[in-house]
S.K.: 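Here it is, the structure in full.
By convention in this document, chain letters (A, B, ...) are assigned in the order of the sequence lines, proteins followed by strands, and residues within each chain are numbered from 1.
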There are 2 protein chains.
Amino acid sequence: MSESLQDQIQFLIEIDKLKTIERRTRIIHGDRRENDAEHSWHLAMMALVLQSHANKEVNILKVIKMLLIHDLVEIDAGDTFAYDTTGYTDKFDREIKAAHRLFGMLPKEQAEEMHNLWLEFESKETNEAQFASALDRLQPLIHNYQNEGDTWLKYNVTSDQVINRNREMADASDTLWTYVQQLIQNSIDQGILTKS
Amino acid sequence: MSESLQDQIQFLIEIDKLKTIERRTRIIHGDRRENDAEHSWHLAMMALVLQSHANKEVNILKVIKMLLIHDLVEIDAGDTFAYDTTGYTDKFDREIKAAHRLFGMLPKEQAEEMHNLWLEFESKETNEAQFASALDRLQPLIHNYQNEGDTWLKYNVTSDQVINRNREMADASDTLWTYVQQLIQNSIDQGILTKS
C-alpha cells in the first residue's frame, strides 16, 4: 500500500470520531442530541437544496467541502455552544491546534487544501464562506423551532441574542434572512422564545 | 415565504429522519451502531480524500451529491443488511416508492435532478456511480476491520461472501481493490473473518 493511501485511510478512521462529538441541539425526529457528523451531512444537503437562495454566485462544490470539514476541529477542541461567551475566548486557539494535527495527517497537498478551506470558512469573507456559515446558523434555528424552543428555553436565550448572532446571514441570503426573521417572530408568538 | 422555499424547508426537516435509520455496522470510536446520516457524511469525506484513486475521471461534485442522497430512500424503506438475501428481493420496489415520495417533496426541477442522481447511483453504470458505490462498499469493510470482525462474526459472513460482494470495486479503483484484498487477507490471518 502506498504511503499516501495509508495516511488517507488513517485520517478517514480518525475522523470517525466526529460521530461522537455532541452538539447542544437535538435532532428533530427523535429524543437525543445531534452529533457533528450528522449535522455536517444535514448542512451539505441544505447547501444542495438551498443554493439558489444565495445572494451572490457561489461555487457549490466549495461550499459543500467547507461544510463537510468545518467541524472536524471539534474532534480535539470540542463543541462550543453558540451562546457560551466564556468558551469562545480561547475557541479559535484550540481549533487552530486541532486543525494542524488533523489535516496534518493527510498527504501534504491535501492537508494544505483542507486547512485553507477551513480557514476560509472561519474568516467568512468569501461568498462561499458566507453562504456556508449562513446555513450553519440556519440549521439549529430550524431544529429549535421544530423542537418547541429546546436550547433557547433551556439556556435562557432571548430573541435579541438570536437576532444578533444571525444577522450576518443577510449578507449571504436575503431570502433566508427574511425566513429566519419570520421564524423568530413566530417563536416569540408561540412562547418558545423569550422576547427581549 | 415563497412556495418553493417552503417545500425545500419541509424536505430538509423530513430528511432529518435519516439520523434515526440504523445500519448494522458500528462506528469505530464508540460502542453503538452507525446511522445513515453520519455514514453518508463519512462517504462524502472519503470521496474528497480518495478521489485520486479512481480508475477513470470522475466529476467529484456529482460523486458527493450521490453519496449525500444515496440512502435517503431508507427513511421509508429501512436499511437492508448487505448479506440479507431475503430483504433484497423487494428492496428496489420499496426504495422506488420511497424515492417518489421523498424527492417529490421538492420543487419539480430539483426533485427530478435528485431522483435521477439516485437512479444513476443505483444503476452503477457511470464512472461517478461506480466510484461512489465502491466507497459505499469500502467504508463498512474498514469499520469491520477496525472493530475486530463485528458484523462478519455476528452474522457468520465468510471471506468468499465479502470478496463476491466487493469484487466490482475493481472497476472503480485498482488501488482501493488491492487495498481491500489485503484487508480481507489480514482479517482472515487475524481470525476476525472466516475463510471459505
Side-chain angles (χ1 to χ4, degrees), chain A residues 1-2 4-9 11-20 27-30 32 34-50 52-53 59-62 64-65 67-69 72 75 106-107 110 113-114 138-139 142-143 145-146 175-176 178-179 182-183, chain B residues 1-2 4-9 11-20 27-30 32 34-50 52-53 59-62 64-65 67-69 72 75 106-107 110 113-114 138-139 142-143 145-146 175-176 178-179 182-183:
Chain A
M1 176 160 64
S2 78
S4 285
L5 179 57
Q6 196 158 355
D7 291 344
Q8 289 165 329
I9 299 278
F11 173 81
L12 291 168
I13 291 169
E14 178 68 14
I15 66 171
D16 176 86
K17 288 179 181 167
L18 201 67
K19 300 167 190 169
T20 69
I27 62 172
I28 299 170
H29 297 94
R32 63 168 176 83
E34 186 181 44
N35 69 58
D36 271 346
E38 54 199 6
H39 163 68
S40 302
W41 165 79
H42 210 171
L43 293 185
M45 284 300 304
M46 289 175 73
L48 273 187
V49 170
L50 300 175
S52 70
H53 302 295
N59 173 334
I60 195 66
L61 176 58
K62 199 173 182 186
I64 291 174
K65 282 184 184 180
L67 291 170
L68 291 173
I69 68 161
L72 283 178
I75 287 173
L106 287 167
Q110 247 175 0
E113 191 207 338
M114 292 227 183
L138 174 60
Q139 194 246 12
I142 293 175
H143 278 236
Y145 185 67
Q146 293 293 318
T175 322
L176 296 179
T178 304
Y179 166 72
Q182 286 173 357
L183 185 148
Chain B
M1 175 160 64
S2 77
S4 284
L5 180 57
Q6 196 158 352
D7 291 344
Q8 289 166 328
I9 299 277
F11 172 80
L12 292 168
I13 290 168
E14 178 69 14
I15 66 171
D16 175 87
K17 289 180 181 165
L18 201 66
K19 300 167 190 168
T20 69
I27 61 171
I28 298 170
H29 297 95
R32 64 169 175 83
E34 186 180 44
N35 69 58
D36 271 347
E38 53 198 7
H39 163 68
S40 301
W41 166 79
H42 210 172
L43 292 185
M45 285 299 303
M46 288 175 75
L48 273 188
V49 171
L50 300 175
S52 69
H53 302 294
N59 174 333
I60 195 66
L61 176 59
K62 198 172 184 187
I64 291 173
K65 282 184 184 179
L67 291 170
L68 291 172
I69 67 161
L72 283 178
I75 287 174
L106 288 166
Q110 248 176 359
E113 192 207 337
M114 292 227 183
L138 174 61
Q139 194 245 14
I142 293 175
H143 278 235
Y145 184 66
Q146 293 293 318
T175 321
L176 296 179
T178 303
Y179 167 70
Q182 286 172 357
L183 185 149

S.K.: Heavy-atom cut-off 4.5 Å, strictly under: side chain, backbone, both or neither for A:Q6 against chain B?
M.R.: neither

S.K.: Looking at B:L176, B:T20, B:I28, B:L61, which makes the most heavy-atom pairs under 4.5 Å with chain A?
M.R.: B:I28

S.K.: With sequence neighbours excluded, tell me which residues meet ring-ring contact (aromatic ring centres under 6.0 Å, His included) with A:H53.
M.R.: none

S.K.: So which of A:S4, A:S40, A:G30 has the biggest tally of heavy-atom pairs under 4.5 Å with chain B?
M.R.: A:S40

S.K.: With a 4.5 Å cut-off on heavy-atom pairs, point out which of A:I60, A:I64, A:I9, A:L138 contacts chain B the most.
M.R.: A:I9

S.K.: Of the backbone (N, CA, C, O) and the side chain (C-beta and beyond), which part of A:D36 lies under 4.5 Å from a heavy atom of chain B, both, or neither?
M.R.: neither

S.K.: Would you say the side chain of A:I27 lies within less than 4.5 Å of the side chain of B:K17, judging by non-hydrogen atoms?
M.R.: no

S.K.: For B:E34, check salt bridge (Lys or Arg N to Asp or Glu O under 4.0 Å) against everything at least two apart and list the hits.
M.R.: A:K19, B:R23

S.K.: Of the listed residues (A:Q182, A:Q146, A:Q139), which shares the most heavy-atom pairs with chain B below a 4.5 Å separation?
M.R.: A:Q146

S.K.: Go through the atoms of A:L68 and report whether side chain, backbone, both or neither lie under 4.5 Å from a heavy atom of chain B.
M.R.: both

S.K.: Between A:H42, A:M46, A:H29, who has the most heavy-atom pairs with chain B when the cutoff is under 4.5 Å?
M.R.: A:H29

S.K.: If I measure from the heavy atoms of chain B, does A:Q110 come under 4.5 Å with its side chain, its backbone, both, or neither?
M.R.: side chain

S.K.: Is it the side chain or the backbone of A:T175 that comes within 4.5 Å of chain B heavy atoms, both, or neither?
M.R.: both

S.K.: So for A:I142, is it side chain, backbone, both, or neither that comes closer than 4.5 Å to the heavy atoms of chain B?
M.R.: side chain

S.K.: Quick check: do B:V49 and A:M114 have side-chain heavy atoms less than 4.5 Å from each other?
M.R.: yes

